[in-house]
Amino acid sequence: MKNQYINLNERLLKTYDGTLSKNGVSGKRIAERLSVLANIGLTEEDGSRRPGFSFLEREAKDKVIGWMKEAGLTTTEDGAGNIFGRLEGEKKGKPAVLSGSHVDTVPNGGHFDGTIGVLASLEVAQAWKDTGYIPEKPYEVVVFTDEEGSRFNGGLTGSEAMVGDTDMEKTLLRRDYDGRLFEEVIQDVGLTVQGYQDAGRELSEIETFIEVHIEQGKKLEKAGLPCGVVTGIAGPYWLKVTFEGIAGHAGNTPMDDRKDALVAASAFIQEVSRLPCTVNDSAVATVGNIQVKPNGTNVIPGEVVLYIDIRDIQFDSRAELIDKILEAGKIIEAETGVNFDHETVHDVAPSPVPEKLQQQLSESCRANGIEPFMLSSGAGHDAMILGRHIPSAMLFIQSKDGISHNPKEWSELSDCIQTIHVLKHYIESLQNA
């Protein structure tokens with residue numbers, strides 16, 4: 001077994017433009033902290049494995065708590081395990097500006113997803129301390145619990161608890177990858193069901209939320225830009241579709257006398273792939289799970305069950321796409337004689353970013369010599385959950401080759417630091433608003 005240690009610090013600094021370390025923001029500090037967290041839950045493939053509600057996630061949180069205190073923040077933890085570091089502004093009692101992300105990961109993920117968002121938000125507070133700047137409004141850095149959901153095949157657990165959106169009845173029935181119930185798992189890290197239920201926060205205490213995250217796509221890389229302004233977060237809508245035909249002998253059933261469920265499903269999948277671009281540039285639809293029965297080489301498929309993931313950043317256009325997909329299924333049913341049935345199995349509302357926040361972030365980009373680039377998020381984030389209740393925005397950092405949820409996930413330190421400067425300018429611009 002190889003020595004389980006990775007030195008991200010050295011690799012990050014190798015190509016870093018040192019002139020970007022200014023106004024209290026330190027590239028060296030970000031590189032060191034990324035490297036420290038990368039070695040908590042390091043996998044054999046040099047990836048990250050810090051499941052939600054695990055001792056490894058807890059260890060990473062404890063590291064961040066220490067850095068919060070170094071930055072002069074007062075730390076608290078709610079009943080869901082969300083960590084908050086607060087800096088009181090000159091005008092106490094004002095609603096706070098909140099910024100942060102998560103430190104849990106998928107089973108063999110990268111070292112930037114979520115983590116850089118936490119460190120970026122913390123770096124703003126550290127830069128203020130180092131330069132003597134005191135904001136007018138309170139500022140809070142947050143580390144959300146279990147964003148990825150790899151433990152219970154869910155996700156966004158901590159942010160949902162904070163805003164009071166948790167369905168506790170369903171949550172208590174969840175079992176993790178070891179078959180353990182939710183209540184038993186959270187007890188490992190000192191949490192209780194009652195505490196979790198009481199984690200909801202008075203949202204009038206928060207003015208706005210801003211999350212920094214890696215893009216997990218290639219648009220910024222193709223544009224040659226370090227960061228971009230997110231216009232909205234696509235809400236996933238999952239459909240379970242069943243095509244029911246008639247199973248039969250592959251040799252003795254003539255081609256013109258078949259009700260082949262797989263042929264009907266194949267035509268439907270082609271339509272699912274074609275339809276999103278007829279609705280919206282940001283709309284997508286994916287068939288990623290398909291089950292064929294009886295699944296025999298010499299048997300005409302009698303039933304096909306497939307799952308469709310449909311997403312867009314606007315509710316109306318997503319609804320239009322869903323309607324078009326269902327209509328396509330009905331047409332194929334009429335043409336083939338194969339029965340088409342469907343049911344909704346998952347529905348999360350899209351979260352468009354308010355136009356005003358997009359404009360303010362664009363101004364902060366320009367103030368740092370970066371041409372504003374607008375892009376949508378196809379992935380879910382904690383900002384999507386908070387966006388249901390308070391004005392929320394996001395900044396994306398360029399991702400190398402668009403790779404994410406993979407040990408090869410990478411963002412250049414120079415891009416990270418330029419994004420932090422944009423974040424810092426944006427948060428400071430809110431002080432007089």
Side-chain angles (χ1 to χ4, degrees), residues 106 147-150 152-156 160 167 170 174 216-219 231-247 259-295 300-352 375-381 384-385 387-388 402 404-406:
V106 295
E147 189 270 356
E148 296 289 2
S150 60
F152 293 98
N153 197 29
L156 305 166
E160 284 189 340
D167 184 332
K170 289 183 179 179
R174 289 179 178 175
Q216 301 174 290
K218 299 180 181 180
K219 290 182 179 179
T231 57
I233 306 168
Y237 182 96
W238 292 355
L239 272 174
K240 177 185 178 183
V241 168
T242 302
F243 284 94
E244 187 175 1
I246 299 176
K259 290 187 178 180
D260 189 322
L262 185 55
V263 170
S266 298
F268 178 72
I269 291 169
Q270 290 294 319
E271 286 297 287
V272 169
S273 179
R274 182 187 68 83
L275 287 170
C277 64
T278 69
V279 173
N280 200 349
D281 289 343
S282 56
V284 294
T286 306
V287 177
N289 183 329
I290 183 168
Q291 301 154 19
V292 181
K293 298 177 183 178
N295 205 28
I300 298 167
E303 182 182 271
V304 173
V305 177
L306 56 87
Y307 291 82
I308 316 169
D309 182 316
I310 305 166
R311 304 187 187 214
D312 199 7
I313 63 173
Q314 299 293 339
F315 182 85
D316 289 346
S317 53
R318 189 186 72 166
E320 181 184 352
L321 176 57
I322 293 167
D323 287 344
K324 285 191 171 187
I325 287 173
L326 294 179
E327 182 60 28
K330 293 173 184 175
I331 292 171
I332 290 169
E333 178 182 47
E335 291 176 345
T336 64
V338 174
N339 185 63
F340 168 76
D341 196 14
H342 63 88
E343 65 175 296
T344 300
V345 294
H346 186 57
D347 185 2
V348 177
S351 181
L375 70 170
S376 61
S377 173
H381 300 284
M384 176 176 67
I385 303 301
R388 299 171 183 169
S404 184
H405 285 189
N406 184 304

My understanding is that only residues two or more places apart in sequence, or in another chain, count here; which of them pass side-chain contact (heavy atoms from CB on, under 4.5 Å) with [X]?
{"X": "P236", "answer": "W238, D309, R311, H346, V348"}
{"X": "I269", "answer": "V287, I290, L306"}
{"X": "D323", "answer": "none"}

Between [X] and [Y], which heavy-atom pair has the shortest distance, and what is it?
{"X": "S282", "Y": "S376", "result": "CB-OG, 3.7 Å"}
{"X": "A267", "Y": "I332", "result": "C-CD1, 3.7 Å"}
{"X": "P301", "Y": "D260", "result": "CD-OD1, 3.5 Å"}
{"X": "A261", "Y": "G245", "result": "CB-N, 3.9 Å"}
{"X": "A247", "Y": "P294", "result": "CB-CD, 4.2 Å"}
{"X": "V338", "Y": "E244", "result": "CG1-O, 3.4 Å"}

Within this structure, what is the [atom1]-[atom2] distance for the pair [X] and [Y], rounded to the nearest 0.5 Å?
{"X": "T336", "Y": "K259", "atom1": "OG1", "atom2": "NZ", "value": "8.5 Å"}
{"X": "K219", "Y": "L375", "atom1": "NZ", "atom2": "CG", "value": "6.0 Å"}
{"X": "K324", "Y": "T278", "atom1": "NZ", "atom2": "OG1", "value": "3.0 Å"}
{"X": "E147", "Y": "M384", "atom1": "CD", "atom2": "CE", "value": "8.5 Å"}
{"X": "L321", "Y": "I310", "atom1": "CG", "atom2": "CD1", "value": "5.5 Å"}

Exercise. Is the closest side-chain heavy-atom distance between V305 and Y307 below 4.5 Å?
Worked result: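 Yes - at least one pair of side-chain heavy atoms lies under 4.5 Å apart.
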Problem set entry | Heavy-atom check, side chain of I308 versus side chain of T286, under 4.5 Å |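 No; the side chains remain at least 4.5 Å from each other.
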Problem set entry | S377: partners by side-chain hydrogen bond (donor to acceptor under 3.5 Å, both in side chains), with sequence neighbours left out |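 Checked S377 against side-chain hydrogen bond (donor to acceptor under 3.5 Å, both in side chains); matches are H381.
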For this session: State which residues pass side-chain hydrogen bond (donor to acceptor under 3.5 Å, both in side chains) with K293; sequence neighbours excluded, sorted by chain then number.
Result: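 K293 satisfies side-chain hydrogen bond (donor to acceptor under 3.5 Å, both in side chains) with E303 once adjacent residues are dropped.
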Problem set entry | Partner residues of F268 under the ring pair (Phe, Tyr, Trp, His ring centres under 6.0 Å) criterion, sequence neighbours left out |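 Applying ring pair (Phe, Tyr, Trp, His ring centres under 6.0 Å) to F268 gives F243, F340.
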Exercise. Is E271 paired with R274 through a side-chain N to carboxylate O contact shorter than 4.0 Å?
Worked result: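 Yes, this pair counts.
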Exercise. With distance as the sole test, does S317 use its side chain to make a donor-acceptor pair with the main-chain N or O of Q314 at under 3.5 Å?
Worked result: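 Yes, because the side chain of S317 sits within donor-acceptor range (under 3.5 Å) of the backbone of Q314.
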For this session: Test side-chain contact (heavy atoms from CB on, under 4.5 Å) on I313 and T231 and set out the steps.
Result: CA-CA 8 Å; I313 63 173; T231 57; 3.7 Å; yes
Exercise. Does any donor atom in the side chain of T242 or D341 lie under 3.5 Å from an acceptor atom in the other side chain?
Worked result: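 Absent: no donor and acceptor within the cut-off.
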Problem set entry | Of N280, D312, D347, the residue whose pairing with R318 passes side-chain hydrogen bond (donor to acceptor under 3.5 Å, both in side chains) |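 Single pass found, and it is D347.
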Exercise. Given L326 and L239, is the side-chain contact (heavy atoms from CB on, under 4.5 Å) satisfied, shown in steps?
Worked result: CA-CA 10 Å; L326 294 179; L239 272 174; 3.8 Å; yes
